Amino acid sequence: MDTTQTPPPVQAAYGYCETVTARQARNFAYGIRLLPAGKRQAMSALYAFSRRVDDIGDGSLAPDAKRRRLEATRDVLDRIRRGAVDEDDTDPVAVALADAARRFPLPLEGLDELIDGVLMDVRGRTYETWDDLKVYCRCVAGAIGRLSLGVFGTAPGARDAERAPEYADTLGLALQLTNILRDLREDAANGRSYLPAEELAKFGCSDGFRGATPPPGADFAGLVHHEVRRARALFAQGYRLLPLLDRRSGACVAAMAGIYRRLLDRIERDPGAVLRGRVSLPGREKAYVAVRGLSGLDARTVARRTEGTRP
């Protein structure tokens, strides 16, 4: 993508999206800074639209008002799909996303799935089993993985490139499950419960998480370690995406996923930390993850393991 040929109104729209991304998505922004300008702008446009959808779901409006706002956002997406957004449109996110959709093969139906997932939140849906929760995770995170792959593309000649959407989707699930663990107390305070009800019951945690300590008699550490093992298995499968990408796209994915894998490590070492506050990584550790990703070490490691498992 030659940004020198991008019309000034579109450049301004991308600038707005990059500002939104830098302010509201530190981990995401940290990863996409490794991309060339055109891909970085497209990823910022995807994030800004997704952030708008999430903000509606997380806001203070009444449920009916949220549903109307979400459907109005779907209308914007339909305009983008029809090519009905001009470069001088007053909505900079629509302008940027429309331009990105012209330049990259974005499966925009993934953003419909995101809206569907946030509507699940608005309705207060809970999940009985992991299979139930996977549907939600695929809507709000797996779809974003597939959209991101539309920007990244696969490297020429990459073996098993046809499986890249599957791996991107699975990596999205891993990131979302890590998010759910990290935000356990915050979500409970907002009246939301994501972990499967049958697993909460198994570990004595059906009463929920509204304080800095687990429910009396609960095996909270057992619950967290159970979910961590699941997330690790998803990461292991999703990381098969890395060798299929070009170096800088692979570095971007490795940086973002690596940050979340390290968050998972911290949660595993101290499960109670998620009830005491927000678990995060210091900047120096994020920098290490980015350098590791840029070196291609993660992609080479995954490629060797994958080759070793081929029949």
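It should be emphasised that the depicted structure is a prediction, and the values quoted were computed from it without experimental measurement.
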Give the C-alpha distance, both sets of side-chain angles, the deciding distance and a yes or no for side chain to side chain contact (heavy atoms under 4.5 Å, CB included) between Val95 and Val85. CA-CA 6 Å; Val95 171; Val85 176; 4.2 Å; yes

Determine which pairs satisfy salt bridge (Lys or Arg N to Asp or Glu O under 4.0 Å) with at least one residue from residues 204-225, sequence neighbours left out, and list them in order. none

Please report the interatomic distance [atom1]([X]) to [atom2]([Y]), rounded to the nearest 0.5 Å.
X: Glu109; Y: Leu147; atom1: CD; atom2: CG; value: 7.5 Å
X: Cys139; Y: Leu114; atom1: SG; atom2: CG; value: 8.5 Å
X: Phe49; Y: Ile144; atom1: CZ; atom2: CD1; value: 9.5 Å
X: Leu195; Y: Trp130; atom1: CG; atom2: CH2; value: 9.5 Å
X: Ile180; Y: Gln176; atom1: CD1; atom2: CD; value: 5.0 Å
X: Ile56; Y: Arg51; atom1: CD1; atom2: CZ; value: 11.0 Å

Tell me, with the steps shown, if Asp246 and Phe152 meet side chain to side chain contact (heavy atoms under 4.5 Å, CB included). CA-CA 8 Å; Asp246 66 68; Phe152 299 143; 5.6 Å; no

Closest non-hydrogen atom pair, [X] against [Y]:
X: Gly204; Y: Pro215; answer: O-CB, 4.4 Å
X: Leu35; Y: Ser249; answer: CD2-CA, 3.8 Å
X: Val151; Y: Lys39; answer: O-CE, 3.4 Å
X: Gly57; Y: Lys66; answer: O-NZ, 2.9 Å
X: Cys205; Y: Phe209; answer: CB-CZ, 3.6 Å
X: Ala254; Y: Leu242; answer: N-CD2, 3.9 Å

N-O pairing of [X] and [Y] below 4.0 Å:
X: Arg74; Y: Asp116; result: yes
X: Arg40; Y: Glu18; result: yes
X: Arg163; Y: Asp169; result: no
X: Asp64; Y: Arg68; result: no
X: Glu113; Y: Arg138; result: no
X: Asp55; Y: Arg52; result: no
X: Arg79; Y: Asp91; result: no

Keeping the roles fixed (side chain from [X], backbone from [Y]), state whether a donor-acceptor pair exists under 3.5 Å.
X: Tyr47; Y: Gln24; answer: yes
X: Arg192; Y: Asp187; answer: no
X: Asp132; Y: Thr129; answer: yes

Do [X] and [Y] have side chains that get closer than 4.5 Å, going by heavy atoms?
X: Asn179; Y: Tyr194; answer: no
X: Leu119; Y: Glu71; answer: yes
X: Arg248; Y: Leu34; answer: no
X: Tyr16; Y: Ser44; answer: no
X: Phe220; Y: Val274; answer: yes
X: Gln41; Y: Arg103; answer: no
X: Val93; Y: Val76; answer: no
X: Asp160; Y: Arg240; answer: no

side-chain contact (heavy atoms from CB on, under 4.5 Å) test vs Glu227 passes for just one of Leu184, Thr178, Leu181, Ile267, namely Leu181

Residue from Leu177, Ile259, Val228 passing side-chain contact (heavy atoms from CB on, under 4.5 Å) with Leu264: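 Result for side-chain contact (heavy atoms from CB on, under 4.5 Å) with Leu264: Val228.
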
For Arg125, does the CZ atom have more than 12 heavy-atom neighbours from other residues, nucleotides or ligands under 6.0 Å away? yes

Students often mix this up, so state it plainly: with edges at 30° and 60°, are the rings of Tyr127 and Tyr136 parallel, tilted or perpendicular? tilted

Would Arg276 and Asp270 satisfy salt bridge (Lys or Arg N to Asp or Glu O under 4.0 Å), going step by step from the backbone distance to the final call? CA-CA 11 Å; Arg276 298 192 298 270; Asp270 183 9; 2.4 Å; yes

Would you please name every residue forming a salt bridge (charged side-chain N to carboxylate O under 4.0 Å, His left out) with Asp54, sequence neighbours left out? none

CA sep, side-chain torsions, deciding dist, call: Arg266, Glu285, side chain to side chain contact (heavy atoms under 4.5 Å, CB included): CA-CA 12 Å; Arg266 290 189 169 215; Glu285 197 165 346; 3.0 Å; yes

Worked check of side chain to side chain contact (heavy atoms under 4.5 Å, CB included) between Arg102 and Asp99: CA-CA 5 Å; Arg102 284 191 290 268; Asp99 187 75; 3.6 Å; yes

